[in-house]
Amino acid sequence: MNPNRLTAGTVALLLVPPFMWAGNAVVGRLATGLISPITLNFLRWALAFVLLLPFTWLLLRPASSFWPLLRLHWRRYALLGLLGMGLYNCFQYLALKTSTPLNVTLVAASAPVFMLAIGKLFFGQTITQRQVIGAVMSIAGVLLVMSRGEWEVLARLQWVIGDIYILLATLAWSWYSWMLSQPNDPADIRSNWAAFLLAQMVFGLAWSGIFSAGEWTLDAGHFQWGWPLALTLAFVSVCPAIIAYRCYGLGVQRVGPNVAAFFTNFTPLIAAVLSAAILGELPRLYHGLAFVLIVGGIWVSSRKGPGVL
């Protein structure tokens with residue numbers, strides 16, 4: 001069987017992450033009154049760390065080769081933990097305090113555009129004319145979401161702060177993705193998905209713990225313990241933090257990153273359905289237009305074309 005063939009099983013695998021990520025946005029919105037966003041991020045990764053222990057406990061033994069490798073490459077994993085688990089998720093949950101899950105996932109869907117810019121500026125990536133056209137289309141889609149379909153809003157700079165937060169989150173995720181693409185990981189970690197996640201989580205927990213402490217120091221931290229919060233933490237620590245990561249990784253191994261990345265564009269559509277069903281936040285016409293622009297821009301950017309800038 002061709003390993004790059006998109007089989008029904010692979011499609012099922014790659015549909016799991018967008019469902020989990022859309023659910024994470026909706027649950028994060030629902031949890032705004034239960035727990036402060038930065039504390040939610042810290043508890044999410046703390047619980048995910050505990051849940052990962054059955055797969056990684058051998059790595060945590062003092063005699064394990066994991067610790068020398070981690071010490072040798074600590075700068076890389078400290079930065080990965082900061083960008084992926086610290087900044088990205090903190091900004092995402094902060095965004096959901098004032099912005100809707102649909103807005104958040106639509107703006108986040110523009111990540112390939114930011115990856116293009118970061119790749120050009122910092123990683124020596126070439127840019128084609130098609131990629132520039134695609135970038136303009138995707139940015140137009142983001143601006144359409146941020147203006148709520150009224151372009152004069154942009155002139156007045158009356159943006160919802162949550163939209164700014166998700167833009168910062170998308171920048172952090174784009175830099176994180178570029179770092180992942182660099183083949184700098186030791187073979188012992190790269191070949192073991194649980195070890196690779198654990199290496200990031202060790203530092204990610206430290207960063208998110210520092211941010212959470214700052215939130216409480218500023219008297220912005222709060223939580224209301226009970227079954228709603230317990231179920232929230234169970235979902236965000238298991239589904240988007242572990243299951244989605246594993247399914248996406250398997251999908252990439254089967255069909256490659258380009259095909260797998262297409263499936264992430266289902267996240268805003270799923271978020272729209274979940275938001276309407278659970279939160280009563282119905283999508284507007286500009287959401288549909290923004291989705292067409294963002295996905296269309298990514299499709300145009302991914303096609304091979306002449307002209308390198």
Side-chain angles (χ1 to χ4, degrees), residues 17-18 20-21 24-25 28 37-38 40-42 44-45 48-49 52 70 73-96 104-105 107-125 135 138 142 164-186 189-190 192-211 236-237 240-253 256-258 260-265 267 294 298 301:
M20 299 300 179
W21 294 328
N24 184 50
I38 300 178
L40 172 60
N41 183 55
F42 172 66
R44 163 190 173 168
W45 288 111
F49 179 83
L52 200 64
L70 197 64
H73 300 273
W74 71 269
R75 291 180 180 85
R76 171 170 169 78
Y77 293 108
L79 188 52
L80 284 171
L82 172 64
L83 294 171
M85 298 176 184
L87 295 178
Y88 175 73
N89 288 283
C90 279
F91 280 132
Q92 183 186 45
Y93 289 135
L94 280 168
L96 288 164
V104 165
T105 53
V107 174
S110 66
V113 176
F114 292 95
M115 291 182 193
L116 190 67
I118 290 173
K120 174 67 175 180
L121 293 173
F122 301 104
F123 293 90
Q125 180 77 7
S138 291
V142 172
I164 307 299
Y165 284 140
I166 196 59
L167 277 176
L168 294 173
T170 305
L171 281 170
W173 183 258
S174 299
W175 191 279
Y176 170 82
S177 299
W178 265 106
M179 288 194 63
L180 287 183
S181 71
Q182 306 305 303
N184 298 326
D185 301 298
I189 292 181
R190 187 170 59 248
N192 185 330
W193 73 273
F196 184 61
L197 184 57
L198 182 69
Q200 301 173 62
M201 202 176 288
V202 167
F203 292 101
L205 266 178
W207 287 117
S208 56
I210 292 171
F211 297 154
V236 299
S237 60
I242 296 179
I243 295 177
Y245 185 96
R246 180 54 174 158
C247 289
Y248 189 73
L250 285 173
V252 168
Q253 290 174 9
N258 289 333
F262 172 79
F263 284 82
T264 64
N265 295 323
T267 304
I294 291 171
I298 294 170
S301 296

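Heavy-atom basis, side chains included; hydrogens, waters and symmetry copies ignored.
- Remark: Leu52 CG to Met201 CE distance equals 5.0 Å, nearest 0.5 Å.
- Taking CZ of Phe49 as the reference point, atom CG of Leu198 lies at 5.5 Å (rounded to 0.5 Å).
- Once rounded to the nearest 0.5 Å, the distance linking CG of Asn89 with CD1 of Ile38 reads 11.5 Å.
- Scanning all heavy atoms of the two residues, the minimum distance from Ala241 to Ala48 falls at CB-CB, 4.2 Å.
- With sequence neighbours excluded, no residue satisfies ring pair (Phe, Tyr, Trp, His ring centres under 6.0 Å) with Phe42.
- Residues meeting the side chain to side chain donor-acceptor pair (under 3.5 Å) test with Trp21, sequence neighbours left out: none.
- Side-chain contact between Arg44 and Ser208 is absent, with no heavy atoms from C-beta onward closer than 4.5 Å.
- By the side-chain contact (heavy atoms from CB on, under 4.5 Å) test, Ile118 is found to be paired with Phe122, Phe123, Ser174, Trp175, Trp178, residues two or more places apart in sequence or in another chain being considered.
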* To do: Determine, stepwise, if the pair Leu70 / Tyr77 fulfils side chain to side chain contact (heavy atoms under 4.5 Å, CB included).
  => CA-CA 8 Å; Leu70 197 64; Tyr77 293 108; 4.1 Å; yes
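- Between the side chain of Trp207 and the backbone N or O of Ala78, at least one donor-acceptor pair lies under 3.5 Å.
- Using cut-offs of 30° and 60° for the angle between ring planes, the Tyr88 and Trp173 rings count as tilted.
- In terms of the side chain to side chain donor-acceptor pair (under 3.5 Å) criterion, residue partners of Asn24 (sequence neighbours excluded) are, by chain and number, Gln92, Tyr93.
- A distance of 4.5 Å separates CG of Leu197 from CE of Met85, quoted to the nearest 0.5 Å.
- Here the CG-CD1 distance, from Leu171 to Ile166, works out to 10.5 Å after rounding to the nearest 0.5 Å.
- Listed here is the closest heavy atom pair of Leu87 and Ala172: CB-CB, 4.1 Å.
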* Begin from the C-alpha positions of Phe91 and Val104 and carry the test side chain to side chain contact (heavy atoms under 4.5 Å, CB included) through to its verdict. => CA-CA 10 Å; Phe91 280 132; Val104 165; over 6 Å; no
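- In this structure, CG in Leu82 is found 12.0 Å from OH in Tyr176, a value given to the nearest 0.5 Å.
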